[in-house]
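Bear in mind that the values here come from a model prediction, so they are computed numbers and not experimental data. Each residue takes its place number in the sequence, starting with 1.
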Amino acid sequence: MRLKEVVTLVQQLSPSLKLGLDSSPIKPISGMSKSDGRLLFHTATKTPLTIEAFRQHATHFDDQLVVFSSSGKRLFGFRQENHWLLFK
């Protein structure tokens, strides 16, 4: 999945949805960074980004970056559950 695809797919979703990694328990995505052509989602804190914050931060990155978790796992999709948008 590329950043451009994620931005396009979340356009119609509620800006208040929180971002997280699909795991048990959910790991909140609290930040993003670029490294070697990858966009890394970080889970450093318990305070999750919302879709609104994600959109604001995403404008600072190349939209062709491939999306990964900070542990190096490539993310291929997401699903919505309650107030969360969970990446897998």
Side-chain angles (χ1 to χ4, degrees):
M1 190 167 44
R2 297 195 183 278
L3 177 58
K4 181 178 184 177
E5 296 168 326
V6 176
V7 170
T8 299
L9 291 169
V10 302
Q11 282 181 339
Q12 301 302 318
L13 299 176
S14 169
S16 64
L17 281 176
K18 299 177 282 187
L19 303 183
L21 295 179
D22 195 0
S23 63
S24 186
I26 294 170
K27 294 181 184 175
I29 295 170
S30 56
M32 303 183 296
S33 67
K34 176 186 167 187
S35 176
D36 299 324
R38 298 175 177 189
L39 180 70
L40 303 175
F41 282 164
H42 299 283
T43 58
T45 71
K46 300 255 185 225
T47 306
L49 288 174
T50 61
I51 286 183
E52 181 177 15
F54 165 77
R55 287 182 193 146
Q56 292 171 354
H57 293 313
T59 62
H60 300 289
F61 295 98
D62 176 355
D63 64 3
Q64 292 303 311
L65 293 173
V66 177
V67 182
F68 286 78
S69 68
S70 59
S71 64
K73 181 179 175 187
R74 185 171 178 180
L75 302 176
F76 289 96
F78 55 81
R79 66 183 179 90
Q80 184 178 346
E81 181 178 302
N82 298 322
H83 300 287
W84 288 91
L85 183 66
L86 302 173
F87 288 84
K88 349 180 194 186

Legend entry - Remaining members of hydrophobic cluster (4.5 Å side-chain criterion), Val66: Leu40, Phe68

Inset, instruction - For residues Ser33 and His42, determine if any side-chain heavy atom of one lies less than 4.5 Å from a side-chain heavy atom of the other. - result: yes

Inset, instruction - With sequence neighbours excluded, tell me which residues meet side-chain hydrogen bond (donor to acceptor under 3.5 Å, both in side chains) with Ser16. - result: Ser14

Legend entry - With sequence neighbours excluded, residues passing side-chain contact (heavy atoms from CB on, under 4.5 Å) with Ser30: Ala44, Thr45

Inset, instruction - Sort and list the pairs that fulfil side-chain hydrogen bond (donor to acceptor under 3.5 Å, both in side chains) and have at least one residue in residues 68-78, not counting sequence neighbours. - result: Ser69-Ser71

Legend entry - Other cluster members, Leu19 - Ile/Leu/Val/Met/Phe/Trp/Tyr, side-chain contacts below 4.5 Å: Met1, Leu3, Val6, Val7, Leu9, Val10, Leu13, Leu17, Leu21, Ile29, Met32, Leu39, Phe41, Leu49, Ile51, Phe54, Phe61, Leu65, Val67, Leu75, Phe78, Leu85, Phe87

Inset, instruction - Under 4.5 Å between side-chain heavy atoms, chaining through other members, with only Ile, Leu, Val, Met, Phe, Trp and Tyr counted: pull out the rest of the cluster around Trp84, sorted by chain and number. - result: Ile26, Leu86

Legend entry - Residue pairs, two or more places apart or on separate chains, that pass salt bridge (Lys or Arg N to Asp or Glu O under 4.0 Å) and touch residues 78-88: Asp22-Arg79, Arg79-Glu81

Inset, instruction - Could I get the full list of side-chain hydrogen bond (donor to acceptor under 3.5 Å, both in side chains) partners for His57, not counting sequence neighbours? - result: none

Inset, instruction - Kindly state each residue pair satisfying salt bridge (Lys or Arg N to Asp or Glu O under 4.0 Å) with at least one member in residues 28-55, sequence neighbours excluded. - result: none

Inset, instruction - For Ser23, check side-chain contact (heavy atoms from CB on, under 4.5 Å) against everything at least two apart and list the hits. - result: Lys27

Legend entry - Shortest non-hydrogen contact from Thr59 toward Gln56: OG1-O, 2.8 Å

